[in-house]
Amino acid sequence: MRTIVERNMLLRARTELPDGLKLSTDEFREGWEFVRTYNACRLEKQIALRGWNFIRIDEESLRSGVGETSQEAIASALKLSLRRISALFNAVEVAHIELTQYPWFFLARVRIIPFLIQQGAVMPVSDKAEVLSTRHRQRRLPAQAEVLYPHFESVIPQLKKMLVISRTAQTGPQ
């Protein structure tokens, strides 16, 4: 297995790349491949030279993993991080690796940064995208709140009294 270190780039298998850009890759797991000789800066330059876009997404993923060796723990954490990356993004960079050794195992925390490699400059929108409502939602208790919170109603007067006392203590007597 390949040694996983910070600044490694991974691509989704069968990622479309600009014409003339040939990357040597090693298979990792679950449809991801390591890019052998490029980090994010070098890959960005090569992609930009060919008129494509290399877009960094501020949606980092941080996961932990355990293993008998440091590389097993890192691979485990990386695998969990990659599962959290949206299918819209086709590349990631290993941004940070934190490793802790315990008597019988290693614990690794891995942070990855997703990227999008594409020809156009417009971000694609998922078919599953939802329109967010701008209307203010009213907060209400569940339908059977008295069953779920039997003492809730008796506490309200006490809370109101505490709020009034707290306000007068802050502002002083009127």
Side-chain angles (χ1 to χ4, degrees), residues 1-134 136-137 139 142 148-149:
M1 180 170 78
R2 174 192 172 103
T3 301
I4 305 168
V5 295
E6 291 179 1
R7 314 268 304 160
N8 278 153
M9 287 296 303
L10 290 96
L11 296 177
R12 284 192 193 274
R14 296 176 297 284
T15 294
E16 184 182 356
L17 295 171
D19 291 336
L21 180 60
K22 302 290 184 218
L23 298 177
S24 298
T25 60
D26 295 324
E27 186 177 333
F28 178 57
R29 292 185 178 148
E30 299 176 0
W32 289 92
E33 299 173 339
F34 280 107
V35 178
R36 285 190 192 162
T37 57
Y38 287 89
N39 62 23
C41 284
R42 283 192 63 207
L43 188 56
E44 180 178 22
K45 287 177 187 174
Q46 292 299 315
I47 288 172
L49 282 173
R50 290 164 174 82
W52 279 43
N53 295 290
F54 187 73
I55 304 165
R56 179 183 180 186
I57 310 300
D58 281 339
E59 188 180 295
E60 296 180 0
S61 176
L62 175 67
R63 291 289 176 257
S64 299
V66 295
E68 290 182 12
T69 67
S70 61
Q71 283 298 303
E72 284 179 12
I74 293 168
S76 173
L78 182 56
K79 179 180 159 185
L80 292 173
S81 288
L82 291 171
R83 287 181 181 169
R84 303 286 300 176
I85 300 300
S86 168
L88 296 174
F89 310 126
N90 52 15
V92 298
E93 180 183 37
V94 178
H96 180 73
I97 297 173
E98 183 180 311
L99 197 58
T100 307
Q101 182 176 1
Y102 292 95
W104 296 281
F105 64 95
F106 286 85
L107 172 68
R109 296 187 66 173
V110 174
R111 186 175 71 233
I112 61 174
I113 301 169
F115 289 87
L116 178 60
I117 300 170
Q118 66 178 19
Q119 190 168 10
V122 178
M123 293 280 294
V125 177
S126 169
D127 294 338
K128 298 177 185 177
E130 297 179 18
V131 176
L132 298 176
S133 173
T134 56
H136 181 68
R137 290 191 323 168
R139 295 180 187 208
L148 296 172
Y149 311 102

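The structure displayed is predicted, hence computed values, not measured ones. Every heavy atom of this structure was used, including side-chain atoms; hydrogens, water molecules and symmetry mates were not.
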Which atom pair, heavy atoms only, marks the closest approach of [X] to [Y]?
{"X": "Ala77", "Y": "Ser64", "result": "CB-C, 3.6 Å"}
{"X": "Thr25", "Y": "Glu33", "result": "OG1-OE1, 3.3 Å"}
{"X": "Ala91", "Y": "Met9", "result": "CB-CE, 4.1 Å"}
{"X": "Arg12", "Y": "Ala87", "result": "NH2-CA, 3.5 Å"}
{"X": "Arg56", "Y": "Ile113", "result": "NH2-CD1, 3.0 Å"}
{"X": "Phe106", "Y": "Thr69", "result": "CD1-C, 3.4 Å"}

For the residue pair [X] and [Y], establish whether any side-chain heavy-atom pair is separated by less than 4.5 Å.
{"X": "Ile57", "Y": "Ile55", "result": "yes"}
{"X": "Cys41", "Y": "Arg7", "result": "yes"}
{"X": "Val110", "Y": "Ile74", "result": "yes"}
{"X": "Leu78", "Y": "Trp32", "result": "no"}
{"X": "Phe115", "Y": "Leu43", "result": "no"}
{"X": "Leu21", "Y": "Trp52", "result": "no"}
{"X": "Leu116", "Y": "Leu88", "result": "no"}

Atom pair [atom1] ([X]) and [atom2] ([Y]), whose distance is rounded to the nearest 0.5 Å:
{"X": "Leu17", "Y": "Ile47", "atom1": "CG", "atom2": "CD1", "value": "6.5 Å"}
{"X": "Leu80", "Y": "Ser61", "atom1": "CG", "atom2": "OG", "value": "8.5 Å"}
{"X": "Thr15", "Y": "Leu23", "atom1": "OG1", "atom2": "CG", "value": "9.5 Å"}
{"X": "Ser81", "Y": "Glu60", "atom1": "OG", "atom2": "CD", "value": "10.5 Å"}
{"X": "Glu59", "Y": "Ile85", "atom1": "CD", "atom2": "CD1", "value": "6.5 Å"}
{"X": "Arg109", "Y": "His96", "atom1": "CZ", "atom2": "NE2", "value": "8.5 Å"}

Legend entry - Arg50 side chain vs Gly20 backbone, donor-acceptor pair below 3.5 Å: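 Confirmed, Arg50 side chain pairs with Gly20 backbone.
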Inset, instruction - For the pair Asn90 (side chain) and Ile117 (backbone), establish whether a donor and an acceptor sit closer than 3.5 Å, ignoring hydrogens and angles. - result: yes
Inset, instruction - Using a strict cut-off of less than 4.0 Å between a Lys/Arg side-chain nitrogen and an Asp/Glu carboxylate oxygen, indicate whether Arg36 and Asp26 qualify as a salt bridge. - result: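 Salt bridge: yes.
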Inset, instruction - Show your working on side chain to side chain donor-acceptor pair (under 3.5 Å) between Gln46 and Arg42 and close with a plain yes or no. - result: CA-CA 6 Å; Gln46 292 299 315; Arg42 283 192 63 207; over 6 Å; no
Inset, instruction - Count the heavy atoms of every other residue, nucleotide or ligand shown that sit under 6.0 Å from CZ of Arg84, and state whether that count exceeds 12. - result: no
